[in-house]
Amino acid sequence: MSRVLNGNTNISERTRDKVMEIVKQYNYVPNTLAKGLASSRTYTVGFCYDYTEKQAVSNPFFQMVLQGVEDVVYRRNFLFLMMSMQRDQLDASSFAKVVTERRVDGVLVPTQLFTEAVHSLLLREGMPFVVVGEPMFAQPGIHWVDIDNVQAAMALTRRLIDRGLGQIGIVYDEADKTKDKFVLDRIEGYRRAMGEAGLQAKEATLERLRGMSGNGCGGASQALIFSTESLLLDWLDEADEHPPADSIHLATFDRSPYHRHIKYGVESIEIELETMGIEAADMLFALIEKTELAQPYIKIPAK
DNA sequence: TATCTCTCAACCGACATGTG
DNA sequence: CACATGTCGGTTGAGAGATA
């Protein structure tokens, strides 16, 4: 039965037809638990999210990544399990439970949650894993997938420079900068593009920007790049009181569904989050199936 | 004799049940 | 009480039988 259903070639047409007839007659569907018992597989992969971040799951960018992951998972006839994790209470989280009880064959961990404690737990349990986003700490043997944020920021900055804008500032959130590698990379990409063009880089936190008059880094910027779209939205929330000057070009990375509610023209660069999900899931399946990988990480260029 | 196809049975792991 | 055995339902290796 299993040889027929799993496409084994050494089966005669006659036997195959006979088996398929019985499958049809009894509406036979293999029991995944029994299959897992025989193959030491769960046919499930996990994705963890931050329990303390209430908007983690509803975040549209997170959902775009998930969409890519799910496409791959369902194509492989696997199931997908969402697990919560509390960074400061790892042992009590459902993530730790799922990993230690081997309820999944592999896990995807967002870089914000990938701490050294998480890494050692996964190594100890021999659980295949892929980090979604470049990890904040480097260790050999860690597989990860990320957007090439340096390249994306360079491309966006160059686009503004090509428009003849010479005074371009970048705005970031201090807390994001310490926990999100991609924010550091975007700042780095911006600096490089400005440096190449012989222009002076101007950086400010949102807090500092709020305190400035004229809505610019130093009050003289012609364009402002926001390191994340949510930061731009936060800033625009306050725009009723201090609307940005018409002469200021706004720019950020990617577009969430909320983007269409923005009343101002915003330049953005496309970040392929769905592709990131697809690549991460493909990489995880390669690790589960012990397939040789060409490289331990993938950086997806922005368009 | 070589190759193809089929059948049998061990095995997977956790838990329930039986036996001494 | 401790240990042995059975149970679930697939997968898969080994070996037997059929056929060219």
Side-chain angles (χ1 to χ4, degrees), chain A residues 1-51 57 66-87 89-110 113-132 139 141-143 145 277-294 296:
Chain A
M1 187 81 88
S2 64
R3 288 188 234 253
V4 170
L5 292 177
N6 296 330
N8 194 305
T9 46
N10 291 336
I11 307 280
S12 68
E13 200 65 33
R14 206 175 124 256
T15 310
R16 192 180 301 276
D17 288 349
K18 220 159 95 187
V19 169
M20 289 314 289
E21 205 182 304
I22 292 165
V23 165
K24 221 169 162 183
Q25 189 182 344
Y26 293 95
N27 287 323
Y28 173 80
V29 177
N31 182 311
T32 307
L33 288 176
K35 214 170 151 180
L37 191 60
S39 58
S40 298
R41 286 267 176 91
T42 63
Y43 299 94
T44 306
V45 293
F47 196 121
C48 61
Y49 66 91
D50 192 347
Y51 179 82
V57 183
L66 277 191
Q67 206 159 4
V69 172
E70 284 194 63
D71 282 351
V72 177
V73 170
Y74 285 109
R75 212 170 50 231
R76 300 236 183 195
N77 265 324
F78 268 58
L79 280 180
F80 186 61
L81 180 71
M82 291 288 287
M83 320 168 277
S84 66
M85 191 205 291
Q86 279 178 276
R87 253 173 292 198
Q89 289 179 44
L90 175 61
D91 291 341
S93 65
S94 70
F95 169 77
K97 192 173 165 66
V98 165
V99 169
T100 49
E101 291 179 3
R102 300 210 65 85
R103 291 188 187 217
V104 291
D105 295 329
V107 293
L108 294 165
V109 187
L113 295 174
F114 188 67
T115 59
E116 303 210 23
V118 168
H119 185 213
S120 53
L121 170 71
L122 292 166
L123 284 182
R124 192 175 68 230
E125 297 299 329
M127 177 65 69
F129 67 94
V130 171
V131 183
V132 182
Q139 281 271 352
I142 297 177
H143 294 82
V145 175
I278 291 171
E279 294 285 0
D282 276 339
M283 190 180 256
L284 183 61
F285 278 109
L287 293 174
I288 291 170
E289 285 153 13
K290 299 186 166 60
T291 309
E292 197 78 23
L293 284 166

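Note: hydrogens, waters and symmetry copies are ignored here, and every other heavy atom, side chains too, is used. So that the names make sense, note that chain A is the first sequence line, chain B the second, and so on, each numbered from 1. Source: prediction; values computed, not measured.
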| For the side chain of Thr44(A) and the backbone of Val104(A), is there at least one donor-acceptor N/O pair under 3.5 Å apart? | no

| task | Grab the OH-P distance between Tyr43(A) and dT11(C) for me, whole Å please. | result | 7 Å

| Do the side chain of Arg102(A) and the main chain of Glu125(A) share a donor and acceptor less than 3.5 angstrom apart? | yes

| said: Tell me the interatomic distance from Arg103(A), atom CZ, to dG13(B), atom P, rounded to whole angstroms. | reply: 17 Å

| task | Sequence neighbours left out, what pairs pass side chain to side chain donor-acceptor pair (under 3.5 Å) with at least one residue falling in residues 66-82 of chain A? | result | Arg76(A)-Glu289(A)

| query | Got a donor-acceptor pair under 3.5 Å from the side chain of Arg3(A) to the base of dT7(B)? | reply | yes

| Met1(A) has an atom CE; how far is it from atom P of dT12(C), in whole Å? | 16 Å

| query | Which residues in residues 26-38 of chain A have at least one heavy atom lying under 4.0 Å from any atom of DNA chain B? | reply | Leu37(A), Ala38(A)

| task | Check every strand shown and say whether Ser2(A) touches a base, only sugar-phosphate, or nothing at a heavy-atom separation below 4.0 Å. | result | base

| Hey, is CD on Glu101(A) packed in by over 12 heavy atoms from elsewhere, all under 6.0 Å? | yes

| task | Take the protein atom CG of Asp17(A) and the nucleotide atom P of dT5(B), then report the distance between them rounded to whole Å. | result | 13 Å

| request: Measure centre to centre between the rings of His119(A) and Phe114(A), then say whether the value is under 6.0 Å. | output: yes

| So which pairs with a foot in residues 33-42 of chain A pass side chain to side chain donor-acceptor pair (under 3.5 Å), sequence neighbours left out? | Ser39(A)-Tyr43(A), Thr42(A)-Asp105(A)

